[in-house]
Structures are given as C-alpha cells and as structure tokens.
Amino acid sequence: MSACATARATDPTRTKNIHQSPSPPPPPNGRFRIAGADLSASIAVFLIALPLSLGIALATGAPLQAGLVAAAVGGLVAGRLGGSPLQVSGPAAGLTVVTADLIHRYGWRTTCAITVLAGVAQLGLGCLRVARTALAVSPAIVHGMLAGIGVTIAVAQLHIVLGGTPESSVLDNLRALPAQVAGPHPAAVSVGVLTLTLLLLWPRVPGRAGRLLRTVPAALVAVAGATAVASLTGLTVPRVELPSWSSHALAGLPEGPVLGIAAAVLTTTLVCSVQSLLGAVAVDKLVSARPGLTTRVGRSDLDRELLGQGTANVVSGALGGLPVAGVAVRSSANVNAGAVSRNSTLLHGVLVVAAALLMVPLLELIPLAALAALVMSVGIQMVSLHHIRTVTRHREVLVYVVTTLGVVLFGVLQGVILGVAVAVAVAMHRLARTRITHEEKEGAHHVHVRGQLTFLAVPRLSRALHLVPHGTRAVVRLDGSFMDHAAYESLQDWQKTHTAQGGTVELTDRRTGVRDSAHDDGSRPAEGVTTPIGTSTRTGPETDTDPDTTSHAGTTAPARPTTPGPDTAPNTPPTACRCRPWTPWRNHHCAHPPSARPTTHPADTGTTTGTGTGAGTGAGAETTDTPTDPTAPGTPTTHTPTTPTTPAAPTTPRSPASEPSSVQQLARGISAFQRDTAPLVRGELARLAREGQRPSQLFLTCADSRLVTSMITSSGPGDLFVVRNVGNLVPPPGRESGDDSVAAAIEYAVEVLKVRSITVCGHSGCGAMQALLSSEPGGARTPLTRWLRHGRPSVARMADEGRPWARLSGRAPADAVEQLCLTNVVQQLEHLRAHESVARALRDGALELHGMYFHVGEAQAYLLAGAGGSEVFDHVEAAERPR
C-alpha cells in the first residue's frame, strides 16, 4: 500500500492537479463574464420578484407597471451602485402602507416626486456617512413597525381576496369587513384560497421530489397555478391591466402643503434607509454562513449602500416607479441560490425589463385576487413570532406593542415616533431603577444588585455594603450591564477597606460568575493593586477583557489567585502562574517552587514540543523546563525545547518523589475546574440536566489527544454529540464489516437526538493514517489492525487513478500521509451515507453532512466544499469579532 501511495505522491501530473486553483481565473480585461451560479440565482430571484412587484403595486393603489419599474431599477441601479453586492432591492412590503397613504393624499405624480426627494435625502445621508447611525434604532421598534405594516397590508388585501375594495385606513377596513364577509365574491374567494393553499403546501412537499420541486419559488407556483385554474375554468374575476408604456405616468412637481410633503419625504427616507441597512446586515450574516464566500464578497459598505439606494429612488421616482428598498425575501433567495457577485442582481433587473416589455399578454391573465392573496401572506409573515419571543426575552415587548399599534392606528411615522418615545422612557426607567438587597446565608453575606449601578444608587449601595460585618466573607453580585465611575469607586473603596480588615470579597455577575476576589489567607493581591470590575482576573502575559471570550461555558475562565496548599511553596506568589485553561497537565508547575521543579531529561522524551501550550508536534511530546533564575522564587518558567540529537544534562535530578503522580495531576485539574470553571458553567449545566441534551450536530473525529473539539468549534456543554475513535473511521453497515459502537452512536444521534448535521473531522499527522500506509498485507491480526481495516477503502480511493484527489485550497498536500488524511474524510462520508438512518434523513432534507480537516501545527481548519466532484477543502478565515 505504501509503495502505491508513494507512486501517486510523486506523479507529476497529479502534483499539477493539486496546485490547480479551486476558483476560476479572472476574466481578461475588457471581457464581461457571468458565473453560472449568478445566472441561476438571477432566474430564481426574478421568478420571486415578478409576482411580488405586481402584488405590492396593487396593494398601494399605484399603476401596476410602477412595481415593474421599481423592480428593474432596484436590480440595475441599486445592484450596480449599492454597497451590499448580494442584496436585492425593489418595491418592498414595508413601504406599502406609506406609499398607499401618499397616493391617497397627494396623487400618483406627487408620490413619484416624493420618492425622488427621498432619494436625494438618502444621497445626502450617505455623503455624511451616517449609515451606521440608523442601526442604533432599537430592534423592537423596527420589528414593531414591520408588524404594524404587515397587519395593515393583510387587512386591506383581505377585502380584495373577498372580491371587494379596501378602504383608506385600517379602522375603516375592519369596520367594513363583516359586511364583506357576509357577501363575498365566490370566484375571487376561490382564486385567493387556491393561491394561499399553494403557498402553504408547496414548501412542504416531502421526499426527493419535494427537494426538486422546491427549487421553483412558491410565490410563482401559487400565482401561476391560480392563473391557470382561473383561465381554464373561465372564472370571471378582475385581472391585471397593464396600459401601454406610452401612457405611463412619470413624476411631476410636488403639489400640497410644504410641511406635509416634508413629513412624507422624511417618512419615506426613514423606512427605505432602515429597511435597506438592516437588510444589508442580514445579508452579511447569510454570506458568513457560506464557507469560502466571505473572502470573495466581503462585508457590506453601509454608506455606499445608502448612496446606491438613494440613486435608485431618484431614478425610480423619475421614471414613475414605486419607492425602492432592500428586500429580505429576494436577498435571502439570492444568497441561498448560490450567487457569488452583484451580477445576479443586475441580471434579475434585466429579466424584469424583458418581462415588462415582452410578457404583457401573459401578465394580464393574472387575477387580482391571486396577487392580493400573495401580498396578504407576506403581510401575515411580517408579524413574526420569533421577533415577538425575542423582544419578550429582552423585556422590550412594551416598545414592540406600542410601535405596532401606533403604525396600525396612526401611520408609520407616528408609530415609529411613539415607539422611540416609549423606548427612551423604558431605558430611563431601567437606568434609574436599581434594587439592592442584603442577606446572610451559608456563613456569607450576599449583596445583590439588580439593575444598572449609577451614582443615583450609590447611597443605597453604601448602606447595603456597611451591613456586612468586618472580617466576614462577602459576595457582591451585579446583575446589570452598566456601572458608572461613582459607583465603581464606591465599590472599590469598600472592597479595599473590607479586605484590609481581614474579610473576603467576591464580585460576581449572572453572566460569568466569579469576576474578582480578595482573600485574607495570604493570597490577597498586593496592596494598592485592584482589578477593574468587569474585566477578567486571569494572571499571565495577556489579559482578555472581551466579555465574549468569558461568557461562553467551557472556553476560558478567569484564574483566581492561587491559595497555598500542600503542594505550594509558601513564598511562591500567585502571579508566577502563566498557565492557560488548555495548558497540558505536565506543564502545570504553578504549584511547585522553581528550585524544586523537576527537569525532564532529553533521553526520556524522544520528541519535543514548543512552549508548552499544548500545540505539540507529536503525541507524547515532552518539554524541558529551564528557570531563568533558579535563585529567584516566583520567576516565570520558560520552556526551552531540546532535540534527541542534542542532549543536555538535567539541572535537577529527576526523582519520583518530586514528580507528581497521575492521580495528583488528575485531582489538581479537577480542583482547578471546581474553583475556576464550575461557577461559570453551573447554571448552564443545571439547565441541561433538567431539559436533557439537544445537540445540534454529531461531530465524529479522531481520538488524538491534540484535537480539542470544543475549542476548535467554540462550542460549550450541550452543543456537540462527539464520537471519537482511532482514525475518525465510520465502518460501513453490515454484519461482516459493521461496528455496532459507531453505528449505534450514529443511529442515536440521528433518530433520537435529531441532530441537523454530521461532521467527519480528520487532522494532520494522524497516526492511524501512518499505520495504514506502512502496514503490509498478511501482518499480525491485532485489535488495532482489525479496526484499521475500515480505513483500507480510503487507501484504495487514493490509489484509484480514475478519481479526483481530495486537496486543500491554495496548496498541495505536504506528503502522502496528509493526502490520505484528506481522502479518508471524503471516504468516511460515503460510508456515513450508507447507514439507513442517515440516508433516510438525507432524503427528507433533515440532515446535512460536512467534511473537515484540522491542521494541528497551523491551528487551521478547512471545510470540504464539494463531494463526488471537486473535493476541495477550503481555508476557513478568522471572522471579525461582532461589534
């Protein structure tokens, strides 16, 4: 086997194939090329945009052609000039109420002029670079505004579905609804019900046929199906009327009161800008979920997006189109369809223009009731239960409800103003309302602060703290996200005084547990040195003050000062500890004075590691510890690697008495967990104990000690269902070659835990792959060789000249072992698909399979981009920390 693999590794044609770039070469200058993914995505977006544009125009009372104009301009102008390449702009449902009110008050031509002025205002805001300021609006206000608009749309369009005509306001529509329900139009109702039924059932068609059918948008299927039924049965219903383009009304000079026009421009600008900017941020999140696309597309430039939207509104209004904004439905469809550049948005605009010019006879067959039912369903979806749960969890439901009712009863601008006022009032109430309690339990005095800690609460805080007797243990819990300077100084002064009088102080919060502590047992920090509240108290060369790195259970924990114990020298200060939570046991010398620390002889190692942070180059690697100054207690230890070829004499004889036993190492590690990490994860583990485990994925990886799955995936308790074995092998099912242990774990994860994905993760320097390459047929039948037979298909796959090689993006595999590690991941995914439970879940669309490769020495992860064809592992970039 090894000879075969070596021959493949030295094949010049194969080497050339490995170095081939996974991305297509850039087009020559002067030539315009469109990727196939952009072309298919543009068609998918066009099929969604066409019926929705007509439906939104119908809902606003504008000429139906105005919806097509806005869709075309949104694709061509905003798509070309905007700062979010994959966001699709056009007439949005969030603008329906605003536009309908403007048409009712000022007429269509003045509404177009208002759209132009709103575009000019957006251009001004873009030039001032204030785009990110719009994101400061409370999400509860935005969601409440959209919910109010959705209610208004749904109630108005229900009249058209019933065969009537909507009134000008929501209250009038509600008052007229009983009479409309009592005398419906049967044909219109039939068309509307059929449209809603298709919209509801089409995405739920099961099986493989359902996956193929769902590639056609439900909106297109619903409108096309209702149109076909209405035409074939001869139903008499109002249909789309598209007058000649020669009579299309363009923008005119605004006519009306100046204040009214100004308020209309402000409202249109606000709704268009906020919806577009929030949509661009949402598109960034969708793009980041697609591996390999982030580096190609990049993050949205919000100021440029505002300029692009402003230009599109100027052009759309001048040409007699509806206001333009980023549309979430079309944008998500664009990203999910595989778009890789702004060309998909531009092509969708071209297709809309072609349809508006060439498909008029077909468009005029569409019943108005079908379009009304489509827009009504969009309005209903704008009242999102997910948003309601989110604002309820963040205690902003009052803001949401007031904004929604304000939009429904008074209008969009008035509702938003009411929402902002309530949000400010709620914020002021939270800032001023602080509850401080004191109680004694379990021998400690607990001071609990609920709310924001400002100068207004300092007198009450001081009274509560002075109830704590001198020389006692005090626990101060801060359940707030803000503390001003006055409160900080008051708390710090009391802490210094209390600890100086022999007491103990622990500062905690509900998010990270113990934040700071001072003891009276000799391990108190030096006098005059305090740790700022709200920062991690970890000792070492670096301090991580980002709360994101300490709030996740199982990642990092602040290290409290070390209390002297039986293994600790009395004169060793706690600041001598330079360890991290992931530092290997053999390098945890915090409990030994430097003069007594054992030194490893090179003859006992065989191989070496680096600095002792756990990123070793081989299993079982050791290090040599050389103190910088053996005579200075507390001097941080540096780890100097040595190699077997350059032995060095030990500075201290190695003795079993000075070497801690494995039991002591285990106990010390558990003790550190109980002291530092358990307070941080206790609440989360208690919840998991009550609710049971509900992991999102099965992670199948190698048993190699250097692979820390929770650290690599930034996951915590309850996130991953992990199966580890030698070589990350998935034995295929069957009585002869199957393995009940791995198969049982797969079945349990898929059938019982209902995981949504399974990841097979290989790694560099895998000992199992080395053993496969070096093994010879007919060798001894040991348990290890019997297990490794499940990896022989990977060796055969790598030797097969007819298969493409699995490869890394941007470079060739370093050697035959790395090539086999990559090939093995692809092969084990095929074994995984052969399991009945996995195959059934894949057919139902309830499960995804992923391949992953982790290079230990580089600390770099790669994700498999394709399978069966271009088997390329793409480099996973370090994402920017969210702000």
Side-chain angles (χ1 to χ4, degrees), residues 427-540 542-547 549-551 557-564 573-577 675-676 679-680:
M428 294 298 295
H429 175 71
R430 291 177 178 174
L431 193 62
R433 182 176 180 269
T434 304
R435 294 181 57 196
I436 303 176
T437 60
H438 167 265
E439 64 176 338
E440 182 180 1
K441 61 181 181 180
E442 299 178 357
H445 290 261
H446 294 260
V447 177
H448 194 175
V449 180
R450 300 176 180 88
Q452 314 311 315
L453 201 52
T454 67
F455 67 94
L456 299 175
V458 168
R460 283 177 289 154
L461 175 65
S462 180
R463 285 196 297 269
L465 293 176
H466 281 83
L467 293 176
V468 179
H470 300 320
T472 59
R473 176 171 173 260
V475 179
V476 181
R477 177 174 176 177
L478 308 176
D479 278 0
S481 58
F482 176 78
M483 179 191 303
D484 69 2
H485 187 68
Y488 170 79
E489 282 197 349
S490 176
L491 189 55
Q492 284 290 295
D493 291 343
W494 173 82
Q495 180 183 9
K496 292 178 183 178
T497 303
H498 189 74
T499 54
Q501 295 171 344
T504 300
V505 179
E506 292 181 0
L507 300 179
T508 71
D509 66 17
R510 61 182 173 184
R511 181 184 58 192
T512 59
V514 177
R515 305 285 290 271
D516 191 13
S517 60
H519 304 270
D520 58 351
D521 56 4
S523 63
R524 187 186 310 124
E527 185 177 354
V529 179
T530 59
T531 302
I533 300 170
T535 63
S536 173
T537 60
R538 184 188 302 117
T539 58
E542 298 174 1
T543 301
D544 189 354
T545 59
D546 192 328
T549 63
T550 58
S551 61
R560 294 163 56 187
T562 305
T563 303
T575 55
C577 179
R675 181 186 68 237
D676 298 331
L680 309 181

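Along the sequence shown, residues are numbered consecutively beginning with 1.
Separating the CG atom in Leu465 from the NE2 atom in His445 is a distance of 12.5 Å, to the nearest 0.5 Å. Between Met428 atom CE and Arg433 atom CZ the span is 15.0 Å, to the nearest 0.5 Å. For the atom pair Thr454 OG1 and His485 NE2, the distance stands at 14.0 Å (nearest 0.5 Å).
Asp479 places no side-chain N or O within 3.5 Å of a backbone atom of Val449 that could act as its donor or acceptor partner. Here the side chain of Thr499 pairs a donor or acceptor atom with the backbone of Lys496 at under 3.5 angstrom. No donor-acceptor pair under 3.5 Å is formed between the side chain of Ser490 and the backbone N or O of Ala486. In terms of modelled atom types and a separation under 3.5 Å, the side chain of Thr434 and the main chain of Gln452 share a donor-acceptor contact.
For Arg460, the CZ atom sits in a packed shell: over 12 heavy atoms of surrounding residues, nucleotides or ligands are nearer than 6.0 Å. Environment of CD in Glu442: sparse, with no more than 12 heavy atoms of neighbouring residues, nucleotides or ligands closer than 6.0 Å.
With sequence neighbours excluded, no residue forms a ring pair (Phe, Tyr, Trp, His ring centres under 6.0 Å) with His446.
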Problem - His498/His470 under side-chain hydrogen bond (donor to acceptor under 3.5 Å, both in side chains): CA gap, chis, key distance, verdict - result: CA-CA 6 Å; His498 189 74; His470 300 320; 5.0 Å; no
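When all heavy atoms are compared, the tightest approach of Met483 to Ala487 is CG-CB, 3.9 Å. Smallest separation of non-hydrogen atoms from Ala464 and Ile436: CB-CG2, 3.6 Å. When all heavy atoms of Asp484 and Phe455 are compared, the pair lying nearest together is OD2-N, 2.7 Å. In terms of heavy-atom proximity, Arg450 sits nearest to Thr437 at NH1-OG1, 3.5 Å.
Classification of Glu506 and Arg477 as a salt-bridged pair fails, no side-chain N sitting under 4.0 Å from a carboxylate O.
Between Trp494 and Val468 the shortest side-chain heavy-atom distance falls below 4.5 Å. Within the 4.5 Å cutoff, no side-chain heavy atoms of Leu478 are placed close to those of Leu507.
Side-chain atoms of Glu489 and Gln492 form no donor-acceptor pair, as typed in the model, at a separation below 3.5 Å.
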